[in-house]
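These notes are about the structure you will find just below.
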Amino acid sequence: MQLKCYCMNIESLLQQAVSKVLDELYSISVEPSQVVLQSTKKEFAGDYTLVVFPYVKQARRSPEVLADEIGVRLKKTVSEVDAYNVVKGFLNISISDDYWVGFATDIAGDAHFGMRETVSNSKPVVVEYSSPNTNKPLHLGHIRNNLLGWSVSELLKANGHNVKRVNLVNDRGIHICKSMLAWLRYGNGETPESTGIKGDHLVGKYYVEFDKHYKEQVADLVANGMDEDEAKKEAPLMKEAQAMLKRWEDGDKDVRDLWERMNSWVYAGFDETYRSLGVGFDKIYYESNTYLLGKELVQKGLDMGVLYRRDDGSVWCDLTADGLDEKLLLRRDGTSVYMTQDLGTALLRHNDFGAGQLVYVVGNEQDYHFKVLKLILAKLGFDWADKVYHLSYGMVELPNGKMKSREGTVVDADDLIADMEQTAEETSREHGRNDELSDEERKHLYHILALGALKYFILKVDPSKNMLFNPAESIDFNGNTGPFIQYTYARIRSIVRKSGLSEFNFDHVSLKIDDKEREIVKLLHSMPSVIDQAAQNFSPAMVANYAYDVAKAFNSFYQDTPILREQYANVRVFRLMLCDTVATALRNAMSILGIEMPERM
RNA sequence: GGCCCUGUAGCUCAGCUGGAUAGAGCGAGAGUCUUCUAAACUCUAGGUCCUGCGUUCGAGUCGCAGCAGGGUCACCA
């Protein structure tokens with residue numbers, strides 16, 4: 001039997017063939033990559049559709065005739081083309097069962113199907129995400145950030161990039177001083193150990209405490225006739241916090257000791273949340289180490305003449321020619337601002353990793369900041385300024401609007417995860433088939449189902465869009481959800497286990513496949529291009545939607561097609577092979593989302 | 001007010017470089033488990049793709065204008 005190579009994507013093969021036909025028949029020259037093929041709509045026969053409208057003028061044919069002539073030629077010259085039909089200007093092309101079966105056989109057993117090998121010696125893509133403040137625990141907004149950051153990193157890896165994850169912890173500043181001050185005043189020496197409260201929550205408690213007392217002071221001042229804006233500045237607590245920040249910057253030992261102590265509580269808390277979310281980093285930067293960076297760059301900019309100093313000593317960048325405003329880079333007292341340090345850390349990071357690209361997973365409220373950052377880097381003469389990519393994501397909103405910590409409407413990350421685990425356990429007790437599992441394994445199952453639901457819920461939405469979370473409705477486990485896909489996977493694994501096979505040998509000559517099998521094979525066939533597309537768009541959502549399509553197609557197939565019960569061994573083994581490959585595809589796609597798949601549930 | 005983002009079914013969301021009669025899930029209604037896991041499957045109802053104009057053989061998709069919602073324009077980060 002002749003060996004065929006199915007490595008060649010059937011779409012590019014068709015594109016080349018069409019390009020050739022257009023040239024030979026009508027002397028129309030079109031690059032194969034420019035030939036537009038789409039998958040044929042369900043209500044028509046065929047696998048791929050060529051839209052011929054763009055060529056009718058040059059070919060001087062009616063759309064129908066043109067489509068027919070191309071169809072005839074394709075069928076004659078491309079062995080994989082089985083049949084064709086023409087509806088208006090649409091040429092629907094059917095690919096032979098032989099090709100699809102061959103393709104399915106080719107990819108069977110490839111544990112990394114859909115994922116690319118990492119290109120060796122490629123410059124790493126450095127992805128910054130998470131970047132929390134250390135004055136309060138993580139909430140749902142941070143969850144979206146962390147899940148996106150992790151997932152986009154996995155996605156880029158799956159597309160062949162070398163990826164480094166970094167976190168830039170905002171561990172200094174006035175907000176931390178507020179928590180510290182409140183703890184000193186009202187804390188009675190409380191610690192995570194003495195109270196049993198998770199460290200980040202304990203520190204967050206004092207941040208709230210500060211705000212409470214501060215507001216009281218402001219209200220008192222206003223009641224005594226002071227203007228509100230002035231009262232906010234003059235409140236003793238605020239002045240004390242500012243004094244504390246100054247002492248911190250001067251290296252005051254007491255302040256630094258307390259700062260280290262309370263930050264260490266927060267880190268222990270964050271680590272627990274990170275572990276629970278399954279995210280991590282290759283390198284963690286601390287703003288206390290990097291906040292002074294960037295000043296040299298400012299000096300360089302002054303020397304280059306791209307920045308200027310005002311009479312009061314402050315340094316600015318004039319971006320009005322770019323349609324933006326003037327941007328402050330050094331305060332009049334010579335201290336740096338957010339932008340200054342971000343310039344510095346960008347350079348640091350670029351040099352630390354020899355980065356080919358710098359990705360920042362940061363909310364869309366900072367779109368302006370990153371626009372400015374790129375512009376200034378370019379003005380400073382860094383040719384890699386255009387390698388800075390701001391992965392701007394939308395906010396998570398509640399039914400009554402934005403989350404506001406002051407109004408107590410934040411959805412706490414740890415609470416949400418705990419709720420999800422609770423729901424997973426209840427659902428599992430009701431529907432689950434997990435008698436064989438130990439208590440330990442069952443606990444793990446609840447965890448991966450809970451996180452599967454949460455992660456999928458968040459990641460299936462296009463990153464750039466705001467999304468809505470309704471705490472009252474909780475997150476679903478049915479329909480277009482993580483657990484739906486996990487369930488599909490568990491079912492498949494169950495069948496494959498029962499078959500006892502790990503290799504699938506069958507005679508694929510003249511094996512016929514039905515519509516549902518064909519649908520599945522076609523979906524598998526498209527996986528590499530979906531991953532590629534998703535990576536180019538930095539969009540895990542595209543992978544999530546793909547995984548859902550695969551699971552849905554499989555469930556429909558599973559519902560009315562015998563697999564283990566199939567009496568013909570040849571067909572049975574083929575179907576088992578297909579099952580096994582679908583499981584692999586689902587596992588790989590979901591791993592890009594950071595979602596684990598259960599062997600049974 | 002300037003700039004940026006978003007607007008698709010009752011609700012939450014898909015819809016890749018413009019292509020056929022715009023798709024899912026939830027919710028609503030009707031079916032399917034003595035048979036490979038019913039967290040599933042099948043069917044029904046549900047649409048002025050915010051509005052208008054334009055480009056095109058063809059617009060949910062591109063352009064302009066308007067409307068609505070959000071963000072941002074700090075010597076905060």
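Reminder, nothing fancy here: chain letters follow the sequence lines and each chain counts from 1. Quantities reported herein were computed from a predicted structural model and do not represent experimental measurements.
- Taking every side-chain heavy atom of K57(A) into account, C57(B) is the closest of U72(B), A77(B), C57(B).
- Looking at residues two or more places apart in sequence or on another chain, you find a ring pair (Phe, Tyr, Trp, His ring centres under 6.0 Å) between F90(A) and F53(A).
- Ion pairing of D47(A) with K522(A) is present here, as a side-chain N (NZ or NE/NH1/NH2) and a carboxylate O approach within less than 4.0 Å.
- Scanning for side-chain hydrogen bond (donor to acceptor under 3.5 Å, both in side chains) contacts around Q242(A) gives an empty result, with sequence neighbours left out.
- For G47(B), there is no paired base (Watson-Crick or G-U wobble, both distances below 3.5 Å).
- The NZ atom of K460(A) sits 12 Å away from the P atom of G15(B) (whole-angstrom rounding).
- Residues forming a salt bridge (charged side-chain N to carboxylate O under 4.0 Å, His left out) with K232(A) (at least two apart in sequence, or on another chain): E228(A).
- In a base pair of the Watson-Crick type (N1 to N3 plus N6-O4 or O6-N4) or a G-U wobble (N1-O2 and O6-N3), with each distance short of 3.5 Å, G1(B) is matched with C73(B).
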(request) Encode nucleotides 16-22 of chain B as B, S and - characters from 5' to 3', where the letter depends on protein heavy atoms closer than 4.0 Å: B to the base, S only to sugar-phosphate, - to neither. (result) S--BBS-
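- Taking atom CD1 of I485(A) as the reference point, atom P of A24(B) lies 16 Å away to the nearest angstrom.
- Atom C1' of U21(B) sits at a distance of 24 Å from the matching atom of U17(B), rounded to the whole Å.
- A salt bridge does not link E64(A) with K88(A): none of the charged nitrogens is closer than 4.0 Å to a carboxylate oxygen.
- In terms of the ring pair (Phe, Tyr, Trp, His ring centres under 6.0 Å) criterion, residue partners of F370(A) (sequence neighbours excluded) are, by chain and number, Y360(A), H390(A).
- Distance L373(A) CG to A77(B) P: 15 Å, rounded to the nearest Å.
- The distance from atom CZ of F457(A) to atom P of C13(B) is 7 Å, rounded to the nearest whole Å.
- Applying the side-chain hydrogen bond (donor to acceptor under 3.5 Å, both in side chains) rule to E234(A) yields the partners K239(A); only residues at least two apart in sequence or on another chain are considered.
- Taking the six-membered ring for Trp, F557(A) and F554(A) have ring centres closer than 6.0 Å.
- Counting only residues at least two apart or in different chains, side chain to side chain donor-acceptor pair (under 3.5 Å) contacts with residues 550-560 of chain A comprise T488(A)-N555(A), R491(A)-N555(A), K516(A)-S556(A), K516(A)-D560(A).
- Of the residues in residues 311-322 of chain A, D312(A), S314(A) come within less than 4.0 Å of RNA chain B through at least one heavy atom, sorted by number.
- Per the geometry, NZ belonging to K246(A) stands 21 Å off P belonging to C75(B), to the nearest Å.
- Aromatic rings of Y55(A) and Y26(A) (six-membered ring for Trp) have centroids beyond the 6.0 Å cut-off, not under it.
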(message) Return a single string for nucleotides 25-40 of chain B, one symbol per nucleotide in 5' to 3' order, where B is base contact, S is sugar-phosphate-only contact and - is none, cutoff 4.0 angstrom on heavy atoms.
(response) SS--------BBBSBS
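- Residue-level contact check: Y368(A) touches the backbone only, with heavy atoms under 4.0 Å from sugar-phosphate atoms and none from bases.
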(message) For a quick check, with a 4.0 angstrom heavy-atom cut-off, what is the B/S/- contact string for nucleotides 59-64 of chain B, read 5' to 3'?
(response) ------
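- The residues E425(A) and R442(A) are annotated as not salt-bridged, no charged nitrogen and carboxylate oxygen being separated by less than 4.0 angstrom.
- The pairing partner recorded for A30(B) is U42(B), the criterion being a Watson-Crick or G-U wobble arrangement whose two distances lie under 3.5 angstrom.
- Phosphate proximity of A14(B) to K465(A): present, with a side-chain N or O under 4.0 Å from OP1 or OP2.
- Checking side-chain atoms of N145(A) against main-chain N and O of V361(A) turns up a donor-acceptor pair under 3.5 Å.
- The glycosidic torsion of C33(B) lies within 90° of 0, which places this base in the syn conformation.
- In this structure, Y285(A) has no ring pair (Phe, Tyr, Trp, His ring centres under 6.0 Å) partners at least two apart in sequence or on a different chain.
- In a base pair of the Watson-Crick type (N1 to N3 plus N6-O4 or O6-N4) or a G-U wobble (N1-O2 and O6-N3), with each distance short of 3.5 Å, C53(B) is matched with G63(B).
- Take the nearest nucleotide of RNA chain B for M339(A) and for V461(A): the residue whose nucleotide is more 5' is V461(A).
- For the pair F469(A) CZ and U12(B) C1', the interatomic distance rounds to 13 Å; values are reported in whole Å.
- Among T335(A), V298(A), L307(A), the one residue that satisfies the side-chain contact (heavy atoms from CB on, under 4.5 Å) test with L330(A) is V298(A).
- In this structure, U21(B) forms no base pair with any nucleotide, since neither Watson-Crick nor G-U wobble geometry is met with both distances under 3.5 Å.
- Where I174(A) and N545(A) each meet RNA chain B at their nearest nucleotide, the meeting point lying more 5' is that of N545(A).
- Among residues two or more places apart in sequence or in another chain, the side chain to side chain contact (heavy atoms under 4.5 Å, CB included) test is passed with A534(A) by L155(A), M542(A), V543(A).
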